[in-house]
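Note that this is a predicted model, so its numbers are computed, not measured.
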Amino acid sequence: MIKVNSKIKNYCNDCHHETWHNVLFVKTITGSIEEISWSIDYEVLQCAGCDRICFKTESSDSESYDIDERGNWIPIINAKNYPPTNEGLGEIENLYEVPIEINKIYTETVKSITDGCYTLAGIGLRATIEAICNHENIQGRDLNTRINKLVTNGFISKDDASKLHAIRFIGNDAAHEIKAPLNNQIIIALKIIQHLISTKYAMQEEINKYLELPITTYEDFKSLLNKKIAHGLIAGTFTLQSLMGKDKRRISNEDLNSFIQQYESEIQNGNITIIEDVTAQIQNTGVDTNSNNQRIYRKKT
């Protein structure tokens, strides 16, 4: 018998695992139909970890029993949480970083799954892919075409596209045949969507901060050089090649030469003023410090 002010174990949607919950309120209703008696406990619980409030019911009847390892008969208790638990569904960290149109349909889809509305969830998973295509400005006459264009645009791999097509089939069956996907289908499809959203949106800030990604645009190259110069990562005179250091490996040789030419053009045109060209001054000293004939620069004071 659960009592007020006692503690019980219960799954917490915010903590994403089972935690101790304080029992704030309990109301027990009992009754009988012919020879069958039944009981329902209505409980208000508060997570002892994060303080989240939830509502729970636990019901049993005189005809529903199981046998434990010692041969004892024990009542079967049917428990339900409100809102329903998201146990086993996983989560996306930093969901706030996900574009709003993707975030909205993804969140609604997860709610459909926790509510057991699998037909709507199947449609929602398909719609989440549509939302990603919309955000990436991927056009096409149908979702099949748009998924394939995500590959040609370099947004996803062919293997990822195959998985998204499988989710498209689930969504099509749900929308056109009103066919609810199986539980395992929904969970696997959701994990695929979560991985895609996490790697492309929710984790992007951390990826850019902690990982050395290839540099493929001049603007990224320019930003990197400006940061190195501003933070004083090199002293005295330097060439742009030497300033790059190990970061040169992040750029193809063809792009590196092109980016350096653009950067030097901006210096000559006066668009970049944080460093100055001292090549002529160095050459006048008669000291050969630049065998590759690269321009020599110095940070302006």
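- Side-chain contact between L164 and L150 is present, with heavy atoms from C-beta onward closer than 4.5 Å.
- A salt bridge does not link K200 with E136: none of the charged nitrogens is closer than 4.0 Å to a carboxylate oxygen.
- We find the CD-CD distance between E63 and E35 to be 8.0 Å, quoted to the nearest 0.5 Å.
- In this view, Y106 satisfies the ring pair (Phe, Tyr, Trp, His ring centres under 6.0 Å) rule with no residue, not counting sequence neighbours.
- At least one donor-acceptor pair under 3.5 Å links the side chain of D277 to the backbone N or O of T279.
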Check against side-chain contact (heavy atoms from CB on, under 4.5 Å), T109 and I193: CA-CA 11 Å; T109 300; I193 292 295; over 6 Å; no

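- Put simply, NZ on K248 and CG on L243 are 10.5 Å apart, with the number rounded to the nearest 0.5 Å.
- Side-chain contact check for I274 versus K299: every heavy-atom pair is 4.5 Å or farther apart.
- Counted within 6.0 Å of CD1 on I33, heavy atoms from surrounding residues, nucleotides or ligands total 12 or fewer; the atom is thus considered open.
- In the displayed structure, K111 atom NZ is contacted under 6.0 Å by at most 12 heavy atoms of other residues, nucleotides or ligands.
- The two atoms that bring M244 and L256 nearest to each other are CG-CD1, 4.5 Å, heavy atoms only.
- K158 places no side-chain N or O within 3.5 Å of a backbone atom of V151 that could act as its donor or acceptor partner.
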From CA spacing to verdict: side-chain hydrogen bond (donor to acceptor under 3.5 Å, both in side chains), Q139, N137: CA-CA 6 Å; Q139 306 298 319; N137 197 29; 2.9 Å; yes

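- Distance check, rounded to the nearest 0.5 Å: CG of N94 to OH of Y96 gives 4.0 Å.
- Hydrophobic cluster membership differs between L182 and I187, with clusters built from Ile, Leu, Val, Met, Phe, Trp and Tyr side chains linked at under 4.5 angstrom.
- Contact record, K56 with K9: NZ-O, 4.3 Å, taken as the closest heavy-atom pair.
- Judged by distance alone, the side chain of S6 and the main-chain N or O of I2 form no donor-acceptor pair under 3.5 Å.
- With hydrogens and angles ignored, the 3.5 Å screen pairs no side-chain donor or acceptor of S64 with any backbone N or O of I76.
- Aromatic ring pairs are classed by plane angle as parallel below 30°, tilted from 30° to 60° and perpendicular above 60°; the pair F238 and Y297 is tilted.
- Cluster membership for L224 and I207, using ILVMFWY side-chain heavy atoms within less than 4.5 angstrom, is not shared.
- For N144, the side chain to side chain contact (heavy atoms under 4.5 Å, CB included) partners two or more places apart in sequence, or in a different chain, are D142, N148, H165, R168.
- Side chain of R52 to main chain of C47: no donor-acceptor pair is present (N/O by atom type, distance under 3.5 Å, no hydrogens or angles).
- Minimum heavy-atom separation, L120 to S112: CB-OG, 4.1 Å.
- A donor-acceptor pair shorter than 3.5 Å can be found between the side chains of T107 and N103.
- Salt bridge status for E212 with R249: present, with a side-chain N to carboxylate O gap under 4.0 Å.
- Residues S37 and T30 form no side-chain contact, since every pair of their non-hydrogen atoms from C-beta on lies 4.5 Å or further apart.
- Side chains of I67 and W73 form a contact here, defined as non-hydrogen atoms less than 4.5 Å apart.
- For the pair R126 and L143, the minimum side-chain heavy-atom distance is below 4.5 Å.
- Heavy atoms only, all atoms of each residue included: G122 and I170 are closest at CA-CG2, 4.1 Å.
- The main-chain N or O of P84 is never found under 3.5 Å from a side-chain atom of D115 such that the two would form a donor-acceptor pair.
- Side chain of T152 to main chain of K149: a donor-acceptor pair is present (N/O by atom type, distance under 3.5 Å, no hydrogens or angles).
- Of all heavy-atom pairs between K300 and I275, the closest is CE-O, 3.8 Å.
- Rounded to the nearest 0.5 angstrom, I192 CD1 and I197 CD1 are separated by 12.0 Å.
- Using a 4.5 Å cut-off on side-chain heavy atoms (C-beta onward), F221 and D247 make no contact.
- Residues K27 and V44 form no side-chain contact, since every pair of their non-hydrogen atoms from C-beta on lies 4.5 Å or further apart.
- There is no path of hydrophobic side-chain contacts, each under 4.5 Å, that joins I105 to L95.
- Pairs engaging residues 186-220 under the ring pair (Phe, Tyr, Trp, His ring centres under 6.0 Å) rule: H135-Y201 [sequence neighbours left out].
- Around atom CG of N271, more than 12 heavy atoms belonging to other residues, nucleotides or ligands sit under 6.0 Å away.
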L196 and K163: CA distance, side-chain angles, deciding distance, side-chain contact (heavy atoms from CB on, under 4.5 Å) verdict: CA-CA 11 Å; L196 178 61; K163 296 171 184 175; over 6 Å; no

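- Distance check: T57 OG1 to F55 CZ gives 6.5 Å after rounding to the nearest 0.5 Å.
- Contact detail for N10 and C54: the closest heavy-atom pair is ND2-SG, 3.7 Å.
- For the pair L225/F259, no side-chain contact is recorded, criterion being any heavy-atom separation below 4.5 Å from C-beta on.
- The main-chain N or O of E219 is never found under 3.5 Å from a side-chain atom of S223 such that the two would form a donor-acceptor pair.
- Using a 4.5 Å cut-off between side-chain heavy atoms of Ile, Leu, Val, Met, Phe, Trp and Tyr, with links allowed through other members, V23 and I53 fall into different hydrophobic clusters.
- In this structure a side-chain-to-backbone donor-acceptor pair under 3.5 Å is missing from R298 to E276.
- Counting heavy-atom neighbours within 6.0 Å of N253 CG, excluding the residue itself, gives a total of 12 or less.
- Tracing side-chain contacts under 4.5 Å through hydrophobic residues (I, L, V, M, F, W, Y), one never reaches I77 starting from I8; they form parts of separate clusters.
- Atom OG1 of T119 is separated from atom CG of D173 by 10.5 Å, given to the nearest 0.5 angstrom.
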Worked verdict on N81 versus N13 for side-chain contact (heavy atoms from CB on, under 4.5 Å): CA-CA 10 Å; N81 281 271; N13 278 350; over 6 Å; no

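- Between the side chains of D255 and S258, no donor N or O sits under 3.5 Å from an acceptor N or O.
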Test side-chain contact (heavy atoms from CB on, under 4.5 Å) applied to I272 and K222, step by step: CA-CA 10 Å; I272 295 177; K222 178 180 176 181; 4.2 Å; yes

